[in-house]
Amino acid sequence: MDAQQKGFIMKRVTRFSGYSLLILTSLILIAPVFFMVVSSLKVDAEYLTYPIRVFPTTPQWQNYQLVFTMTPFAKVALRTALLAISTAALSAFISSMVGFGFARYNDVKGNKQLFGLVIAMLIVPFIVILIPQFILYARLKLTNTYWPWILGALAGSPYNIFMFRQFFLGFPKELEDAAEIDGCSPFQIYWKIFLPNARPVIATVMIFGFMNVWGDYLMPSIYLNASKTLLGVTLAAAFKNPQGFDLKAISLAASVIYILPMIIVFFFGQKHILKGVVTSGLKG
Amino acid sequence: METGVTTKQLEQNESGKRTLTRNQRRTFTFYLFVSPWLIGFVLLGVFPLLVGLLTSFTNYDGLNLATVKFVGLGNYARAFEDPDVSFSLVRTILWGLANLPLWLVLSFLLALILNQDVKGRGLFRTIFYLPSLIPITAAVTAWRIILEKNFGMFNASISLFTPEPVAIGWLSDYSLPGMTSISIWGGLGIGMVIFLAGLQGIPEELKEAAQIDGANSWQVFRHVTLPLMTPVIFFQLVLGLIGSFQQLNLPLLVTKVGIAASSVPPRPIYLYMIHTYQQIFTNGRYGYGTALLWMLFIGILILTWIVFWSEKYWVYSGASERDN
Amino acid sequence: MDEKPLKKLSRRDMLKLSGTFFGGALLAGCAPATEAPAPVVQPTEKPAEPTAAPVTEAPVAKPVSGHVVVMHLLHEFTEDHVAAFQEANPDITVEVVDGQDATRFFAMYAAGSPPDVYRLQAPSIPGLLARKLLLDLTPYFEASQLIDIADLAPANDYYKAESPLEIGTGKIYGMCKDFSPDCTVFANTAHFEKAGLPAPDDTKTMSYTEIMDAAKKLTVFEGERMVQYGYGYDAAWIDRFWMNILAETGGSLYAAGYEKINLTGSEDAKAVAKWFYDLAVEQVTPSPKNPSPAGWFGNDFVGATASMAQYGFWFSAMAIGDANKDAVVMLPGPTWTGERRDPTVTATGAIMTSATQVPDAAWKVFEYYHAGQPSIERAGSGWGVPALKSQWSLIPQGTDFQKQAYKVLQGELELNTPPLQFNPFIGETVVSNAWNLYLDQALSGTITFDEMLTNIENDTNIAIKEGIDRIIP
C-alpha cells in the first residue's frame, strides 16, 4: 500500500540523514584529534611550516618512547590514576548525600540560603583563595601531601552537589511519601531509592571527577613537589628543550598517551552505566 | 500513634518523653545530610575567602608582605577608571553570547540523537566525547594547525578556491569565531554527557503513557521530555554562564609565543579574566587583580541569582509538589 | 696558608673525572662531625675566614645536613640529579619544586617557607635584592672548593651587587647556570642567495639598518600568505634590546634613579623603538597581527620559513634542521652606532633566599648544580656558555657549524660587555607586555606610533611608582 510504502521510505530517509549527520559531525569533531596524532609523529620544525604538509616526512615513532624516558610518566600516571579514582568516588558519594539534602528538604529554613552559598563557591575564582588556602594547609603541615584532595572530596564539590540536587529534584514526591509510610528512615530513602536510580549522574560525576584530577595542573603545581607530582604538571612542565621551549611533538605524543585510558574507560563506562532507566517505585 | 504529617506542636508519646515535631526532624535531617559540605566550608573555605577579600583592599604584589599597605577601596575605584576593564567586560559578554546558546543547543541535540537506539551509538558517544578528554594545551596545539594564519589547514583549504592564497587571522583579527570553534568543540562532549544523564533519568513509562494517549514523537518530546529536562537545562545554563565569564586559559594558550609570558591576546578575545591575569602576574598588582575578581564574582552572582529567581517559572521540580 | 694553589689543583683534576669522584671529594672535604651539634672546629680543608668581615656568617662549623627545597624546573634539575646528590651527601635531602608558576613562590613565601634555592633570571635580581630576599653568598663563594671567584665568567656579574641600583660588582648573590651573548643573529645563507643578497659575513657586524634592508628583501609573500619572513627577535626582551642599544652611547632607557622610563622624551629611544615598530609594519617579523606560524620564530627558522633569527649562542644547539641544512651561519650581534655590545640579557641561574633555615646544606646543593657534574653535562651539551671559564673548553666544536659558531662566540665573549642594569621596581615583563598590548592597537590603526609610545611610557611609570611604593616603606 502506498501509505505503508511511504512510511517505510520516510523511515529509511530519516535514518539515512540521521546517520549522515552523525558521521559528518564525527568527522568534524575528530579532525583536530587526527591532526594531533599526526603531528605527534613530526619533527618540531615541521609542526607548521611551508610547504604545507599534513603528514610527517619521516614519522618520529621515538617521540612516544621519549615520553617515557624523559619523565617518569608511567609512575606519575599510576599515582594520578589512583588519586583520581579514589577522590572521584569519595566526592561522588558525599556530594550525592548533600545534593539529596538540598533537593528533598526544600521546606527547611535555610536551605535556599545555604544552597546559594554552594553556588557562590562555584563562582569564586580560584586565584582569589589560592594563596590563603596554601597558607592554611601549610600551617596544618599538609602541603606536599594528597590531603588537600582528600579533604576537598570529603567536603563534596559544589559542582557535583549542584548536579545531584538538580537530578534529585525531578523525582516525584510520591516515592518519598510511600517509603516514609513503609517506615524508611531518611537515610534509607536516600540509600535505597534515590541513589540506585541516580546511576547516570553518579557515572557522570565520577567521569568528571576522574578527569579533573587526571589532567589538573593548578592544584599539584601549588601543593606538590616534583617527587609526588601528578600527571597534569608532567604534561605541562616536563617536555621542554634545555632553553625552556616546548617540545611540541613530544607533548602531543604525551597527550595521546594521556587520553587513551580515558577513552577506554569512557567507552565501556557509558555502555554499562548510561543505559539505566528509572522504572522502579512508580507502580503502586 | 502519632501521624507526624500535620502536627506542629510538641507531643508526648507513651513513655512521657518529648519527641520532635516533623519540622524539627526534617531540619535536623537536612543539616545532617548537608553537614559534610558545611563543615568543609567552615573549616577550609571561610578563612581563605576572608583573606582573599582582605587582599583586595591592599597593594599586595606577592612578595611585599613586609611593606604591604591598606588601600581601602582604592583598587575598586581604579577598576572604574581603567578603560581596559570595561573593554574586556564587553568582550567577555560577547564571548558568552557567541558560545553559550550554541553550546547548549548543539549538545542537547547530540544527546537527544544518541539517546535513541542508534546503531553504534556507543562508538558515536565516545567520538563526540573525545574532544573533551583532550587536555587544553594539546587541543590548542592541534587547533593551531587548522586555524593558523599562514600555514593553517583551514586557510589552505579556502585557498584552493581563491586565485591567491588567503591568510585570515583566525587567531588574531577574527579570534572570536576562531576561539569559539575550539571552545565549543571541546565542550560538546561534556554537555552531551550531562544531557544524556538527564535523559536517562526520564522514566520510560511516562513516555509510553503519552504515546498510548496518542502523542507523536514531537509531542512526547514537547510535553514529557523537555519539561522533565528543565532542571538539567537549568544546571547547564548556570554552569555555562559561570564558565564563559571565567574563561582564561584558551586565549592565553593560543597567543602564547615560545615561553614568553608577555604575549597579550588580541583585542577581540581580550577577556576580563585575561586583563585580571595581566594585572596580577605581569604588573604584580595582586591586590588590584583580586579586587577585579571580586567584582567579577559579584557580577556573575547577580546574573546567577536572576537565573535562579526564574527557576520557579520554567523549571520542573518533583520535590516541590508539597504543601509549601 | 697556601689554600689557593691546593684549590686550583683539585678543581682541575675534578673537572676531568666523573661525578662520583666529585661526590667523594665533597665528602672528603667536609668530614662531618656526627655527634655534637655544638660548634666544632672543622677539619683543615675549610680555609681561614676572609679578612674583610662580611655581613653574613661564614660557613659555620656545624654538620652539614638538612632538608633543602629547590625551586627549579623539572627538566633542568632532574630526579637523576637529586639522586646523585643525595647519594654523595647522605645527610642532605633535596626536594625539587617546579617553578614555572610564580604563584607557588608567592604562596610559599607567604606561608613563611620560601624555597632555599631559587632559579631565576638576571632581570629579577634588582627587585628581589631591594626586597631583601637574597642571601649574600660571598663567604660561601670564597670558601668554595669547586668554584674560584676569578673563574666566574663575566656574565655572573649580574649576580653581583652593591645595591639594587648597582649591579655588576660587590657582594655575590648567586651565579648563572650557563649563559649566551643574546644578540647574535643566525642567518639562512640559502635565503640570502635566493634573494640576490651577498652572503652574510661572520667577520663583519651588520648595522640595524642593514638588517632592516635585508629583512625586507628576504620576506616572501604568496598572495596574502606570508611564506617566509626576514627577521625574528624575542619581543619579550624588547626593553632589554632597547637598553643595550642605548647603552652603546652611554644612554639609558630610564631616568637617573630608575624612577621613570624615558621614551617620548628621548630622541634616541624613540628612534630605536621606531625601528622595531617598522619591522612589524613592514611585516618582516612576527607581530600580534602576524604571529609566528610555528609558535615561536626559532622553530620557523629551523623550518626555513624565517631567514634571520636573533638568538644567543644556545640556539646553535638546535638551529639546524632538515629544511635549512648546510645553510646556517651564526653572525655577530648587530650594532646601532658602530659600538659593539653583546651581553646576555637573561643570565639564567639561581640564588639562595635570605629566609633559608639551612644555608650550608642549600649551598652544597647550589654548588653541586652550578659547578658539579650537572654543569659539566650542560657545558658539553652546547646549549650555552658555561658559567665557569675553565669549562669553556668543553663546548662542542665537532661539526663545521659548531666551529663557526664557536669562532663568532669567542668574538662576542671578548667584548666583555658589562651587565645591563634592570629596573628594580617593575617586573621583568612590564615593558614588553605594554609593547605587545599597544603594538597590536597601533598596527590596527587604532592609535598612532607616538600614542603607542606615550601609553607604554605611562603604564611603565605607573608601575614603577607602585613598585617604589611597595619596596621602600
Side-chain angles (χ1 to χ4, degrees), chain A residues 22 26 29-30 32-33 35-36 39 48-50 52 94 97-98 100-101 103-108 119-120 122-125 128-129 132-133 136 154-156 161-163 166-167 169-173 186 200-201 204 215 235 244-245 248 252 255 259 262-263 266-267 270-271 274 277-278 282, chain B residues 26-27 29-30 33-34 36-37 40 44-45 47-49 51-52 122 124-131 133-135 137-138 141-143 145-146 148 151 156 185 193-194 196-197 200-201 203-205 228 231-232 234-235 242 246 258-259 290 293 297 300-301 304 317-322 324:
Chain A
L22 278 179
S26 305
L29 288 181
I30 287 283
V33 184
F35 285 119
M36 186 175 126
S39 296
L48 264 177
T49 192
Y50 190 79
I52 302 175
I94 302 275
M97 262 177 38
V98 179
F100 173 78
R104 310 306 294 188
Y105 289 81
N106 264 324
D107 50 312
V108 173
I119 298 294
L122 204 53
I123 307 176
V124 170
V128 167
I129 55 173
Q133 197 179 66
L136 185 62
L154 275 176
I161 295 174
F162 190 12
M163 205 191 287
Q166 297 307 107
F167 190 75
L169 274 180
F171 281 48
K173 187 178 161 302
V201 184
T204 313
L235 269 181
F245 292 92
K248 284 211 167 50
L252 286 179
S255 302
I259 63 177
M262 296 237 47
I263 298 180
F266 181 80
F267 181 71
Q270 63 83 33
K271 207 194 317 174
L274 285 187
V277 188
V278 172
L282 280 184
Chain B
R26 281 185 70 76
T27 309
T29 317
F30 167 72
F33 270 106
V34 167
W37 180 82
L44 295 173
F47 169 72
L49 273 177
V51 175
F124 278 118
R125 280 179 186 167
T126 312
I127 292 180
F128 289 173
Y129 190 66
L130 193 52
L133 289 173
I134 297 181
T137 40
T141 310
W143 268 94
I145 300 175
I146 301 176
E148 206 278 322
F151 303 150
W185 171 86
V193 165
I194 297 182
L196 264 177
Q200 295 282 335
E204 279 301 311
E205 293 84 8
L228 285 176
V232 181
F234 177 79
F235 173 76
I242 298 175
Q246 293 187 334
I259 46 176
T290 315
L293 287 172
F297 168 76
I300 302 179
L301 201 60
T304 312
S317 167
S320 58
E321 292 169 312
R322 52 173 78 248
N324 204 2

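Below, read A as the first sequence line, B as the second, and so on, with proteins coming before strands; counting in each chain starts at 1.
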**Complete:** Separation between CZ (A:Phe162) and CZ (B:Phe234), nearest 0.5 Å, reads 5.0 Å

**Request:** Output the distance between atom CZ (B:Phe128) and atom CD1 (A:Ile30), rounded to the nearest 0.5 Å.
**Result:** 9.0 Å

**Asked** Nearest 0.5 Å, what's the CG-CG distance between A:Leu122 and B:Leu301?
**Response** 11.0 Å

**Item:** Region of B:Leu44 in contact with chain A, defined by heavy-atom distances below 4.5 Å
**Value:** both

**Prompt:** Is there side-chain contact between B:Leu130 and A:Phe266, with heavy atoms separated by less than 4.5 Å?
**Reply:** no

**Message:** Report which part of A:Leu29 has an atom under 4.5 Å of a heavy atom belonging to chain B: side chain, backbone, both, or neither.
**Reply:** both

**Item:** Heavy-atom contact with chain A under 4.5 Å, split by part of B:Ile146
**Value:** side chain

**Prompt:** How far does OG1 of B:Thr27 sit from CG of A:Asp107, to the nearest 0.5 angstrom?
**Reply:** 7.5 Å

**Message:** Quick check: closest heavy atoms across A:Gly101 and B:Phe33, and the distance to 0.1 Å?
**Reply:** CA-CB, 3.9 Å

**Asked** Does A:Gln166 reach the main-chain N or O of B:Pro231 with its side chain, forming a donor-acceptor pair under 3.5 Å?
**Response** yes

**Item:** Engaged part of A:Ser39 at the chain B interface, taking heavy atoms whose separation is under 4.5 Å
**Value:** side chain

**Asked** Relative to chain A, which segment of B:Phe124 carries a heavy atom at a distance below 4.5 Å: side chain, backbone, both, or neither?
**Response** side chain

**Prompt:** Residues two or more places apart in sequence or in another chain: which of them pass ring-ring contact (aromatic ring centres under 6.0 Å, His included) with A:Phe35?
**Reply:** none

**Prompt:** side-chain contact (heavy atoms from CB on, under 4.5 Å) with B:Thr141: which residues, sequence neighbours excluded?
**Reply:** A:Tyr47, A:Lys248, A:Leu252

**Asked** With only heavy atoms counted, which part of A:Ile52 is less than 4.5 Å from chain B, the side chain, the backbone, both or neither?
**Response** side chain

**B:Thr137 side chain near A:Leu235 side chain, heavy-atom distance below 4.5 Å** = no

**Message:** Do A:Ile259 and B:Pro135 make a side-chain contact, defined as non-hydrogen atoms from C-beta onward lying under 4.5 Å apart?
**Reply:** yes

**Item:** Within-4.5 Å side-chain heavy-atom neighbours: B:Val51 and A:Gln133
**Value:** no

